[in-house]
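Keep in mind it's a predicted model, so treat the numbers as computed, not measured.
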Amino acid sequence: MTPEETLPMALIAFNSPAGNGRYATKSSGVHRGPVHLGTARRRQGRVLAGAGLALLPWLGYLAGTLPPAEAAAWVVLDALEAAALLAAGTRLLRADPHHRAPAAAAAVLLLADACIDLATAAPGAEFATAVAMAVAAELPLAALCATLAARPTRATRGAGAGAGHPGRGPRRGFGLGRR
């Protein structure tokens with residue numbers, strides 16, 4: 001075989017078929033190029049993933065400085081926050097529409113973290129630190145995550161309530177009403 005013959009074969013071997021079972025060609029109308037994200041979505045994904053990565057050294061600091069009983073609770077809470085932030089951020093960067101569930105989980109965890117920090121902080125410098133962390137980091141991240149979780153994706157934006165029930169319209173109740 002000549003090099004001119006092997007290149008198309010190699011490209012076909014590494015390209016998977018499109019959804020219709022055929023390989024993408026210029027004439028097929030199937031575009032399988034890179035996903036282009038908007039600047040805002042890219043920035044939001046980077047912020048979430050960066051915050052999740054920033055929590056990893058914080059986990060070590062908490063484990064080393066807090067009493068063992070407290071450390072276990074705080075490390076688990078912050079590890080769950082980091083996992084949710086990393087999952088939401090990386091899915092957002094990949095333009096994966098499944099970023100909403102981890103974003104919702106991160107929003108709830110960050111809000112709970114801020115509330116618990118404020119409720120358990122001793123008066124004085126510890127309380128001021130808790131307020132600063134809540135205002136500067138936890139609550140803005142929770143708001144961003146809640147916004148991302150509540151905003152419909154492009155695929156579901158125009159679908160309406162009955163998108164999962166083709167031909168029947170929106171589903172009402174638990175099957176007790178008319179169809």
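Using a 4.5 Å cut-off between side-chain heavy atoms of Ile, Leu, Val, Met, Phe, Trp and Tyr, with links allowed through other members, Leu86 and Val108 fall into different hydrophobic clusters. Under a hydrophobic clustering in which Ile, Leu, Val, Met, Phe, Trp and Tyr are joined whenever their side-chain heavy atoms come within less than 4.5 Å, directly or via other members, Leu110 and Val75 fall into the same cluster.
Taking each heavy atom of Pro57 and Leu53 in turn, the nearest pair found is CD-O, 3.3 Å. The two atoms that bring Ala107 and Ala142 nearest to each other are CB-O, 3.5 Å, heavy atoms only. In this structure, Ala88 and Ala103 approach most closely via the heavy-atom pair CB-N, 3.8 Å. Across His98 and Pro102, no two heavy atoms sit closer than the pair O-CD, 3.4 Å. Leu59 approaches Ala79 most closely through the heavy-atom pair CD2-N, 3.5 Å.
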Steps toward side chain to side chain contact (heavy atoms under 4.5 Å, CB included) verdict (His99, Arg41)
CA-CA 11 Å; His99 68 273; Arg41 284 288 173 134; 3.5 Å; yes

For Arg42 and Leu93, what are the C-alpha separation, side-chain angles and deciding distance, and is it a side chain to side chain contact (heavy atoms under 4.5 Å, CB included)?
CA-CA 6 Å; Arg42 197 172 320 125; Leu93 285 171; 4.1 Å; yes

List the steps and the verdict of side chain to side chain contact (heavy atoms under 4.5 Å, CB included) for Leu92 and Asp96.
CA-CA 6 Å; Leu92 195 60; Asp96 185 347; over 6 Å; no

Under the side chain to side chain contact (heavy atoms under 4.5 Å, CB included) rule, what do Cys145 and Leu85 come out as? Steps first, then yes or no, please.
CA-CA 8 Å; Cys145 289; Leu85 287 168; 3.8 Å; yes

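Side chains of Leu109 and Asp113 form no contact here, defined as non-hydrogen atoms less than 4.5 Å apart. Leu48 places a side-chain heavy atom less than 4.5 Å from the side chain of Leu141. Between Gln44 and Leu148, some side-chain heavy-atom pair lies under the 4.5 Å cut-off.
Apart from Val135 itself, the hydrophobic cluster it occupies contains Leu118, Phe127, Val131, where clustering links Ile, Leu, Val, Met, Phe, Trp and Tyr at side-chain heavy-atom distances under 4.5 Å. Cluster partners of Leu111, using a side-chain heavy-atom cutoff of under 4.5 Å among ILVMFWY residues and allowing indirect links, are Leu139.
Pairs of residues two or more places apart, or lying in two chains, that qualify as side-chain hydrogen bond (donor to acceptor under 3.5 Å, both in side chains) and include a residue from residues 73-91 are Trp58-Asp78.
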